[in-house]
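Input: a single structure, listed below in structure tokens.
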2 protein chains.
Amino acid sequence: MPLRSDWSTEPCPVRRSLDVVGDPWVLLIVRDVLHGRGRFDQLRDGLGISEAVLSRRLAAMLDAGLLERVEYADGARTRQGYAATEAGADLLPVLQQLALWGERHTALPEGGAHMAMVHDTCGAETTRGEVCSACGAPLRPEHMTWVKPWLGRSDRLVGPGTLLG
Amino acid sequence: MPLRSDWSTEPCPVRRSLDVVGDPWVLLIVRDVLHGRGRFDQLRDGLGISEAVLSRRLAAMLDAGLLERVEYADGARTRQGYAATEAGADLLPVLQQLALWGERHTALPEGGAHMAMVHDTCGAETTRGEVCSACGAPLRPEHMTWVKPWLGRSDRLVGPGTLLG
DNA sequence: TTGCTCACTTTCTTCAGCGAAGTTACGCTG
DNA sequence: CAGCGTAACTTCGCTGAAGAAAGTGAGCAA
């Protein structure tokens, strides 16, 4: 399901990556899934995306190996949701780099606030997206918490295969 | 000139970034401009993008402060091209992160080859996109060379405001 | 059996992408 | 000076994706 032209066989790795993640929805879906919010309705409500587009993106992302299906309990029922694969979770540095760029180069909206990315392993806020600026360790989703003051909430990220009911 | 919905006033910095760079062409244009290839015809030929779309993207990127106009000499004439601003050049970590992800998680095409990102300051290939894995310094475009074996060529990147004639 | 939730799928309109052709500016050639 | 070439766009026509909203089906619960 190509977004536009097929760039999957380009020699340049940037272009091959963009063939898969060169759509804003894909990165936002990965972000939410890494927050453990991988149910269809959670994604729809959290992102404000049309159901048709969400459905198509999820199918493409399963196909590309960014997501996998996981089961969760809804009362007595078992339903299907989505979780990140290793490849999907490995997009964390890209997401955090985007967050850092956004903090540096876009204007905070009315009532907005700085989002801190805390490395739970060492307890410090990191000012880098790839390795912790405090302890130098490579950053993994399951060791990160995103502090979102505008929601009055801190969200712990989850590793590959994880979905919070 | 919004791509779709306007995300410029979202509280989440990831979303605000994607409002600006959430289009594959935008990142590819930044990449080529950071290689000094910021002329309209160079971008068109190098990217294989339609002229209409390129024109619209360049206008949006000027507007967003990613690019600025610079003059260059074409024989006796002075023409206008594009160069990265400080904000545009600061997308380098995002681009390099995408390149690294592509190398790890997408298949090398027939006749393809690994692309090395060399930090000219210390002379080593870096395996990270944000700070040099060899010397630890933050990576700036003007200190990087991208080695592209499939072209038999190494391209030195350029800093903000620079355009190679 | 009716209703409810969740996960989709279908339909319809609008808008963006792509390819190709046209336009403008300006210097160069004959 | 008339015509030509090149770079940088703009316009046009077609097609396909986005988005909004309504419809479908599966499995419970009352």
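Keep in mind it's a predicted model, so treat the numbers as computed, not measured. Each chain gets a letter, A, B and so on, in the order the sequences are listed, and its residues count up from 1.
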Is any side-chain nitrogen or oxygen of [X] closer than 4.0 Å to OP1 or OP2 of [N]?
X	N	value
Arg57(B)	dA16(C)	no
Arg44(A)	dC8(C)	no
Arg69(B)	dC9(D)	yes
Arg56(B)	dC9(D)	no
Trp25(B)	dA16(C)	no

DNA chain C-proximal residues of residues 70-82 of chain B, any heavy atom under 4.0 Å: Ala76(B), Arg77(B)

Show every salt bridge (Lys or Arg N to Asp or Glu O under 4.0 Å) that has at least one partner inside residues 82-94 of chain A, sequence neighbours left out.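 Non-adjacent pairs meeting salt bridge (Lys or Arg N to Asp or Glu O under 4.0 Å): Glu86(A)-Arg140(A), Asp90(A)-Arg104(B).
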
With sequence neighbours excluded, give me every salt bridge (Lys or Arg N to Asp or Glu O under 4.0 Å) pair touching residues 25-35 of chain B. Asp32(B)-Arg37(B)

Rounding to an integer number of Å, can you tell me how far Asp45(A) CG sits from dA20(D) P?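 Value for this atom pair: 13 Å.
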
Can you measure Asp6(A) atom CG to dA17(D) atom C1' for me and round it to whole angstrom units?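 It works out to 17 Å between those atoms.
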
Go through the structure and list residues passing side-chain hydrogen bond (donor to acceptor under 3.5 Å, both in side chains) with Glu130(B), not counting sequence neighbours.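 Glu130(B) satisfies side-chain hydrogen bond (donor to acceptor under 3.5 Å, both in side chains) with no other residue.
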
Would you please name every residue forming a side-chain hydrogen bond (donor to acceptor under 3.5 Å, both in side chains) with Trp101(B), sequence neighbours left out?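 Per chain and number, Trp101(B) pairs via side-chain hydrogen bond (donor to acceptor under 3.5 Å, both in side chains) with no residue.
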
Not counting sequence neighbours, which residues clear salt bridge (charged side-chain N to carboxylate O under 4.0 Å, His left out) with [X]? List them please.
X	result
Arg44(B)	Glu51(B)
Arg156(A)	Asp120(A)
Glu71(A)	none

Side chains of residues 109-116 of chain B: which donor-acceptor pairs under 3.5 Å do they make with residues two or more places apart or in other chains?
from	atom 1	to	atom 2	distance (Å)
His114(B)	ND1	Glu103(B)	OE1	3.4
His114(B)	NE2	Glu125(B)	OE2	2.8

With side chains defined as the heavy atoms from C-beta onward, is the minimum distance between Leu95(B) and Leu34(B) less than 4.5 Å?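 Heavy-atom side-chain distance check passes, below 4.5 Å.
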
With sequence neighbours left out, write down each residue that passes ring-ring contact (aromatic ring centres under 6.0 Å, His included) with His143(A), or none if nothing qualifies.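 Once residues adjacent in sequence are excluded, His143(A) has no partner under the ring-ring contact (aromatic ring centres under 6.0 Å, His included) criterion.
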
Expected output is a numbered-order residue list: members of residues 46-54 of chain A with a heavy atom under 4.0 Å from any atom of DNA chain D. What is it? Ser50(A), Glu51(A), Val53(A)

What are the residues of residues 27-43 of chain A, sorted by number, that bring a heavy atom to within less than 4.0 Å of DNA chain D?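 Here the set is empty: none.
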
Kindly say whether Ser154(A) contributes a backbone atom to a donor-acceptor pair with the side chain of Thr145(A) at under 3.5 angstrom?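 Not at all, since once roles are kept as given, no pair shorter than 3.5 Å links the two residues.
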
